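One structure is given here, and the rest of the page talks about it.
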Amino acid sequence: MLTKKEIRFCLDEMKKMFPDAQCELEHKNPFELVIAVLLSAQCTDTLVNKVTKELFKKYKTPEDYLAVTLEELQQDIRSIGLYRNKAKNIRKLCTMLLEEYGGIVPQTKAELVKLAGVGRKTANVVASVAFDEPAIAVDTHVERVSKRLGICKWKDSVTEVEETLMRKVPRDEWSVTHHRMIFFGRYHCKSRNPNCPECPLLEICREGQKRMRKRKEVNAN
DNA sequence: CTCCCGATAT
DNA sequence: ATATCAGGAG
């Protein structure tokens with residue numbers, strides 16, 4: 001496990017690599033952000049942006065999503081994947097927003113996680129990005145990076161990763177850190193082919209050093 | 001834990 | 001061909 005000083009080093013190096021890391025899901029208001037994040041499960045945000053560009057022209061309010069048939073909504077988001085679950089959840093979400101919140105997206109994490117299709121990660125993203133509340137959303141990238149670097153243990157659950165990060169990262173850096181870790185995971189410490197040889201964090205990264213040793217062995221043959 | 005699922009990179 | 005993509009519900 002990394003020391004406090006080593007974690008500080010990671011945060012500073014990530015800041016150098018991705019000084020302007022931010023939410024890449026295109027949205028004009030909290031409602032659009034909730035829909036976009038819900039759609040982004042197991043899907044690249046590039047594709048989400050491609051779909052929402054048209055989707056948000058057609059659907060502006062919760063009422064709009066409830067005005068069409070389930071099949072029509074499914075077709076409008078089909079290319080995203082997992083579209084049956086997502087269409088169903090969007091309709092439930094919109095119903096809840098209208099019945100319980102007057103059609104307005106609530107601002108607290110506690111309220112957000114109760115919404116259909118909104119789990120801990122989505123609630124954190126919306127709270128952080130739309131409402132400026134300190135939060136660390138642990139998605140696939142944040143989880144992978146945290147485990148490779150040794151910020152947390154390999155067997156930790158997503159919730160445990162989030163708790164560890166909140167303990168070890170200063171609260172006023174939660175949101176930027178979360179975005180920089182995503183960029184670091186998405187563009188550098190990739191799942192398939194991480195760029196360990198050019199990684200500024202290699203000196204403190206157990207996983208990176210292990211991969212570099214394997215690389216040498218292969219080279220020797 | 002399983003299921004949902006099309007698009008894209010490798 | 002197949003692993004992976006800003007996960008969540010049952």
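Chain naming here is simple, since letters A, B, ... match the order of the sequence lines and numbering starts at 1 in each. Treat the numbers as computed from the prediction; the structure is a model and nothing was measured.
- dA6(C) and dT2(B) have their P atoms separated by 23 Å, given to the nearest Å.
- We find that CD of Gln75(A) is positioned 11 Å from P of dG6(B), with the value rounded to whole Å.
- The distance between atom OH of Tyr187(A) and atom P of dT10(B), rounded to the nearest whole Å, is 13 Å.
- Residues satisfying the side-chain hydrogen bond (donor to acceptor under 3.5 Å, both in side chains) criterion with Tyr59(A), sequence neighbours excluded, are Asp76(A).
- Using bins of under 30°, 30° to 60° and over 60° for the plane-to-plane angle, the ring pair His188(A)/Phe184(A) lands in the parallel bin.
- Side-chain atoms of Lys86(A) come within 3.5 Å of backbone atoms of Ala41(A) as a donor-acceptor pair (strictly under, hydrogens ignored).
- Between the side chains of Glu143(A) and Ser146(A), not a single donor N or O lies within less than 3.5 Å of an accepting N or O.
- Glu173(A) meets the side-chain hydrogen bond (donor to acceptor under 3.5 Å, both in side chains) test with Arg8(A); sequence neighbours excluded.
- Each of Lys50(A) and Arg84(A) was assigned the nucleotide of DNA chain B with the nearest heavy atom; the assignment lying further toward the 5' end belongs to Arg84(A).
- A salt bridge links Glu207(A) to Arg211(A): at least one charged side-chain nitrogen sits closer than 4.0 Å to a carboxylate oxygen.
- Protein atom CG of Asp76(A) is 15 Å distant from nucleotide atom C1' of dG6(B), rounded to whole Å.
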### Query
What string of B, S and - do you get for nucleotides 5-10 of chain C 5' to 3' if you count protein non-hydrogen atoms under 4.0 Å?
BBBSSS

